[in-house]
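Below, all heavy atoms of this structure are taken into account, side chains as well, without hydrogens, waters or symmetry copies.
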Amino acid sequence: MGKLHGFWYAFGSHDGYNLWEAPDNVSMAAVALAISGGGALSTFETTVLMSVEETMEALQKAGEIKYRPPGA
């Protein structure tokens, strides 16, 4: 379902960070739900990371969107 690459303890707003790799966002969401549903954590937050290729694709698609701000 996914692979845990590492876990680090930290000072600050969060006590720990970990880096996971999953085949897709739905699989990672399932892992996150299973971990956070266990009740051992008081908070749980995820951040999706994008590859350079994914970012470039998003930038290209954004340039094709005909958006006008409200009132323009």
Side-chain angles (χ1 to χ4, degrees):
M1 179 91 36
K3 179 181 179 183
L4 175 63
H5 286 282
F7 183 91
W8 299 268
Y9 291 101
F11 297 111
S13 58
H14 300 290
D15 294 328
Y17 291 88
N18 56 72
L19 178 62
W20 283 83
E21 180 179 0
D24 52 62
N25 287 340
V26 173
S27 297
M28 191 61 239
V31 171
L33 289 167
I35 292 170
S36 62
L41 305 174
S42 60
T43 61
F44 191 87
E45 183 179 321
T46 61
T47 302
V48 177
L49 302 177
M50 295 174 57
S51 68
V52 171
E53 293 79 17
E54 290 170 321
T55 303
M56 296 304 292
E57 183 179 352
L59 289 168
Q60 181 179 8
K61 287 184 178 186
E64 298 168 1
I65 295 173
K66 306 297 183 217
Y67 171 75
R68 287 187 356 204

Could you pull out all donor-acceptor pairs under 3.5 Å where a side-chain atom in residues 5-17 meets a protein atom, sequence neighbours excluded?
residue: His5; atom: NE2; partner: Glu21; partner atom: OE1; Å: 2.7

With sequence neighbours left out, write down each residue that passes side-chain contact (heavy atoms from CB on, under 4.5 Å) with [X], or none if nothing qualifies.
| X | answer |
| --- | --- |
| Ala22 | Ser27, Met28 |
| Thr55 | Met50, Leu59 |
| Leu33 | none |

> In the hydrophobic clustering that connects Ile, Leu, Val, Met, Phe, Trp and Tyr at side-chain heavy-atom distances below 4.5 Å, which members other than Tyr67 occupy its cluster, ordered by chain and number?
Replying inline: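 When side chains under 4.5 Å apart are linked, the cluster holding Tyr67 also contains Ile65.
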> Between Leu49 and Leu19, is any pair of side-chain heavy atoms under 4.5 Å apart?
Replying inline: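 SC-SC contact between Leu49 and Leu19 confirmed.
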>> Contact between Val48 and Asn25 at the side-chain level, heavy atoms closer than 4.5 Å - yes or no?
In response: yes
> Quick one: CD1 on Ile35 to OG1 on Thr46, what's the gap to the nearest 0.5 Å?
Replying inline: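 Between atom CD1 of Ile35 and atom OG1 of Thr46 there are 11.0 Å.
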> Pairs in or reaching into residues 33-62: which pass salt bridge (charged side-chain N to carboxylate O under 4.0 Å, His left out), with residues at least two apart or in two chains?
Replying inline: Glu57-Lys61
